[in-house]
Protein chains: 4
Amino acid sequence: MQAPQDTKPRWERRKDARPQELLAAALDQFVERGYAATRLEDVAKHAGVSKGTLYLYFTNKEELFKAVVRESIVATIGQAEQDAAVFEGSSSELLRALLMRWWDQICATPIAGVTKLMLAEGHNFPELVKFHNEEVVARGSALITGVLQRGIASGEFRPVDPAVMTQVLIAPVMMLMMWTRSFMPACQMPPVDPHVFLDTFISTTLVGLEAPKP
Amino acid sequence: MQAPQDTKPRWERRKDARPQELLAAALDQFVERGYAATRLEDVAKHAGVSKGTLYLYFTNKEELFKAVVRESIVATIGQAEQDAAVFEGSSSELLRALLMRWWDQICATPIAGVTKLMLAEGHNFPELVKFHNEEVVARGSALITGVLQRGIASGEFRPVDPAVMTQVLIAPVMMLMMWTRSFMPACQMPPVDPHVFLDTFISTTLVGLEAPKP
Amino acid sequence: MQAPQDTKPRWERRKDARPQELLAAALDQFVERGYAATRLEDVAKHAGVSKGTLYLYFTNKEELFKAVVRESIVATIGQAEQDAAVFEGSSSELLRALLMRWWDQICATPIAGVTKLMLAEGHNFPELVKFHNEEVVARGSALITGVLQRGIASGEFRPVDPAVMTQVLIAPVMMLMMWTRSFMPACQMPPVDPHVFLDTFISTTLVGLEAPKP
Amino acid sequence: MQAPQDTKPRWERRKDARPQELLAAALDQFVERGYAATRLEDVAKHAGVSKGTLYLYFTNKEELFKAVVRESIVATIGQAEQDAAVFEGSSSELLRALLMRWWDQICATPIAGVTKLMLAEGHNFPELVKFHNEEVVARGSALITGVLQRGIASGEFRPVDPAVMTQVLIAPVMMLMMWTRSFMPACQMPPVDPHVFLDTFISTTLVGLEAPKP
DNA sequence: GATGAATGAGAATTCATTCAT
DNA sequence: TATGAATGAATTCTCATTCAT
């Protein structure tokens, strides 16, 4: 109806987009079934190509998996860092904004599935876990730790250990991602709305973090 | 013809004869490698028996997996309920005690791996997820929800939504289990001591839960 | 409809346009790796063309192989016959000249590899073996048998069976080709210089052939 | 009819013999089709077992191939050395006996096929070529060289270079093996009887070797 | 009960061949 | 003519499952 390039034959039209299509299909399958249980034939089918085509772009299953993880990670990281750099409100507000935005931007994004993959399959791909830790966990943690330090320095927060508190703040968000990817599709667990969960968690924690009024 | 226990479901029928070693070895392998990547030959080797022997006790790989999960779950859940029933201190103290004991009794044990299995493999075993939710998540949640309700009723806690707050309280402990099982062996992440993490998390949250002094 | 040369067999019809580079590259690969292990992509790469181009000149892998063999064979055999026809010296000298020239003209050339191919792969290509026997083995043998018959008739040689003695004379030269193509690249075997080998072999055999002095 | 152990089930009866049966079937197929063109399923079928059984005994195709070569070589070598050690006749007679016996014992034996394999596939298995050279070619050559040296020392033979003459003596026998394995099944080439060929070759060469009567 | 040799369905991978450009 | 992306049949290899002892 609309664009003339849609009349190009499938073969040509997709040439450039192929790798991305393959990676997207592969990510879906890996997240849904796990690494070992994912059949390359299914990945190919979901990408609308034949088995052999996968091997034109990726050496083998393991390399495809690594590419999926790396690609998803690289494509996402960086955004949050930019957001944090320009923020001007109080530390509490920044913390809330960061966690909320993290959720919104990551759950709408394949990287949420990558987190599940890393937790579920990490044992068999230590290099990937290392990469994921450095590129995602460490950078995300640094962001939050920085806000905590700023809030403590300004007297807005109690003098907690920023490193530990960073973990405490990250854990529920990650868990929410896992729940969303794992239990909810199967069993409606947890049955709460993600935003309600996050709001309750953040509000409670921020109260707990608040420096006592003298 | 013979014994009335023959009418029990298969996985339970053989319970008496079923060596715990098989289940322990299977749990180890499933947690370490994931369901699909676990080879029954390895399970047998780790249990010190032959491959064929596994089939004397379990119909097939899937039933073995289910037995592992069920067995671990059933063995754990009753204890916490008893503990909670007889506790007499404040709701805050009970909450702290419950979460700490949960950690100590589950993470000191290979059973914690079941949580990882459920999150990682749940998609392929919906019945197990359902079972796990009913026998573990629901009962554990009810315990915590009860304490919250008691604290709110007594004016010790703010009037939060007990169901949501229950999730908020559970998530960090589960995440800690995942981290311990997944990232730490590979990459020393998170580098904090579990008890410090839990103490920080619980203390902060309890302050946040505390009803404001009038 | 068009040209009478369309009635020629396919492998010959395209002879004019068929780049010798394709055949040369294919010969190299077939000799080095064997028929089955040779990948058409490698042949194409060595010839500096794309995979598809091969199919413009050869129906399929098997036809390419046959063309390689036929082309090499046809290019070689006529020369020796001409040489022999005009020779004027003694039978001994002719024999030595023929064998030496065979060696020099064939072993200095990749065409020698065809012999290896025939011995190694002949089982799977009986028509080719037949062709090779008729066009190379039979004609070459006839040449040598003729010289033997002439020498026996003139009293220069003992009255041996010319057919058998022909085989005896051919075998070491073929073996030398095989050694050169197979063992020497891998393992320096045999460590003797080809010309020394041939000279020793021919000299010894000619003494053995010599009619006893009365 | 005869032995009671024939009533044992196939499964048990063959347990010990399995590896040898597999190696024999594999040798047949490798010699007939070449390494790359041999399908393991065919090897299995010829051995009367299933595909999977091969992998109980050999890690993969390459290891099976290597085992075939090594086994055949080891099983054969040594016999000729014993024969030579006890021989007492003239050097000419010993030489004739060695070559004839070599032919008779090797052509009745799978090692003849191994020679073809080494010549045809050696390029892709350099370690095997090295092994074959050391265990078969070198030891066989040493045997013949020794006889030549003895004959030269005793004045029975002309003072030829023993190393080169050894190659000259070996080549026709190897070629005969190749012919027998490659061309004869397909095309009756060479059409001479092996013993006539050998006799003609040996007789002629021995005359050529003979020291001239003074 | 226990064993482990054997099986064969299933998954990964390769590569000759096609075909739209 | 020439290209090279795409295909899918064929092959290697794995591993859950069986079964004779």
Side-chain angles (χ1 to χ4, degrees), chain A residues 8-16 18-19 36-44 47-64, chain B residues 14 17-19 36-45 47-64, chain C residues 14 17 19 35-45 47-64, chain D residues 8-16 18-19 36-44 47-64:
Chain A
K8 280 197 207 169
R10 217 183 178 195
W11 175 78
E12 170 65 9
R13 195 171 69 236
R14 293 210 172 154
K15 197 171 77 171
D16 300 340
R18 269 284 181 264
T38 291
R39 301 185 306 133
L40 289 194
E41 183 148 26
D42 284 345
V43 173
V49 300
S50 76
K51 240 181 328 172
T53 300
L54 277 175
Y55 287 88
L56 295 178
Y57 297 94
F58 305 98
T59 309
N60 54 33
K61 190 180 181 180
E62 184 168 344
E63 290 305 317
L64 172 61
Chain B
R14 286 169 166 163
R18 182 191 307 154
T38 291
R39 299 186 299 137
L40 289 195
E41 181 145 29
D42 284 344
V43 173
K45 194 174 298 169
V49 301
S50 77
K51 227 182 340 172
T53 300
L54 280 176
Y55 285 86
L56 296 176
Y57 295 96
F58 306 96
T59 309
N60 54 32
K61 191 182 183 181
E62 187 169 341
E63 291 304 318
L64 172 62
Chain C
R14 286 169 167 162
Y35 176 79
T38 290
R39 298 185 301 136
L40 289 195
E41 179 145 29
D42 284 345
V43 173
K45 194 174 300 170
V49 300
S50 77
K51 229 185 334 173
T53 300
L54 280 175
Y55 284 87
L56 296 176
Y57 294 96
F58 306 98
T59 309
N60 54 32
K61 190 181 183 182
E62 185 168 343
E63 290 305 318
L64 172 61
Chain D
K8 279 197 208 169
R10 215 182 182 199
W11 176 78
E12 170 67 9
R13 194 171 71 238
R14 292 207 172 158
K15 197 171 76 171
D16 300 340
R18 267 288 181 264
T38 291
R39 299 186 306 132
L40 289 193
E41 182 148 26
D42 284 345
V43 173
V49 300
S50 75
K51 239 181 329 170
T53 300
L54 278 175
Y55 288 88
L56 295 178
Y57 296 95
F58 305 98
T59 308
N60 53 33
K61 191 180 181 181
E62 184 169 343
E63 290 306 317
L64 173 61

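In the text below, chain A, chain B and the rest are named by the order of the sequence lines, each starting its count at 1. Reckoned from all heavy atoms, side chains included, excluding hydrogens, waters and symmetry mates.
Checking E:dT7, F:dT7, F:dA2 against the side-chain heavy atoms of A:Val49 singles out F:dT7 as nearest.
Going from atom CG of A:Leu56 over to atom C1' of F:dT3 covers 14 Å, rounded to whole Å. One interatomic measurement links the two molecules: CG of D:Asp42 to C1' of F:dT11, which rounds to 11 Å at whole-angstrom precision. The NZ-P distance, from B:Lys45 to F:dA16, rounds to 12 Å in whole Å. Note: CZ (A:Arg18) to C1' (F:dA6) measures 8 Å, nearest angstrom. When the C1' atom of F:dA16 is taken as reference, atom CZ of B:Phe58 falls 16 Å away, rounded to whole Å. Distance A:Glu63 CD to E:dA12 C1': 14 Å, rounded to the nearest Å. Rounding to whole angstrom units, CG of residue D:Leu54 and C1' of E:dA6 are separated by 12 Å.
Scanning for ring-ring contact (aromatic ring centres under 6.0 Å, His included) contacts around C:Tyr35 gives C:Phe30, C:Phe65, C:Phe125, with sequence neighbours left out. In this structure A:Tyr55 satisfies the side chain to side chain contact (heavy atoms under 4.5 Å, CB included) test together with A:Leu40, sequence neighbours excluded. Partners of A:Glu62 according to the side chain to side chain donor-acceptor pair (under 3.5 Å) rule, which considers only residues two or more places apart in sequence or in another chain, are A:Lys66. Listed by chain and number, the residues in a side chain to side chain donor-acceptor pair (under 3.5 Å) with C:Ser50 are C:Thr53 (sequence neighbours excluded).
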Provide a list of protein-nucleic acid N or O atom pairs under 3.5 angstrom, restricted to nucleotides 13-16 of chain E.
{"unit_1": "E:dT13", "atom_1": "OP2", "unit_2": "A:Tyr55", "atom_2": "OH", "d": "2.7"}
{"unit_1": "E:dT13", "atom_1": "OP2", "unit_2": "A:Lys61", "atom_2": "N", "d": "3.0"}
{"unit_1": "E:dT13", "atom_1": "O5'", "unit_2": "A:Tyr55", "atom_2": "OH", "d": "3.3"}
{"unit_1": "E:dT13", "atom_1": "O4", "unit_2": "A:Lys51", "atom_2": "NZ", "d": "3.2"}
{"unit_1": "E:dA16", "atom_1": "OP1", "unit_2": "C:Thr38", "atom_2": "O", "d": "3.2"}
{"unit_1": "E:dA16", "atom_1": "OP1", "unit_2": "C:Lys61", "atom_2": "NZ", "d": "3.3"}
{"unit_1": "E:dA16", "atom_1": "OP2", "unit_2": "C:Leu40", "atom_2": "N", "d": "2.9"}

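Residues A:Pro19 and A:Phe58 come closest through the heavy atom pair O-CZ, 4.4 Å. In plain terms, the two heavy atoms of C:Lys51 and C:Glu41 that are nearest each other are CG-CA, 3.9 Å.
When the side-chain nitrogen and oxygen atoms of A:Ser50 are compared with OP1 and OP2 of F:dT7, one or more of them lie within a distance under 4.0 Å.
Pairs of Watson-Crick or G-U wobble type, with distances under 3.5 Å, assemble into runs of 3 or more in DNA chain E at these ranges: E:2-21 with F:2-21.
You'll find the side chain of A:Arg18 stays beyond 4.5 Å of the side chain of A:Leu56, heavy atoms only.
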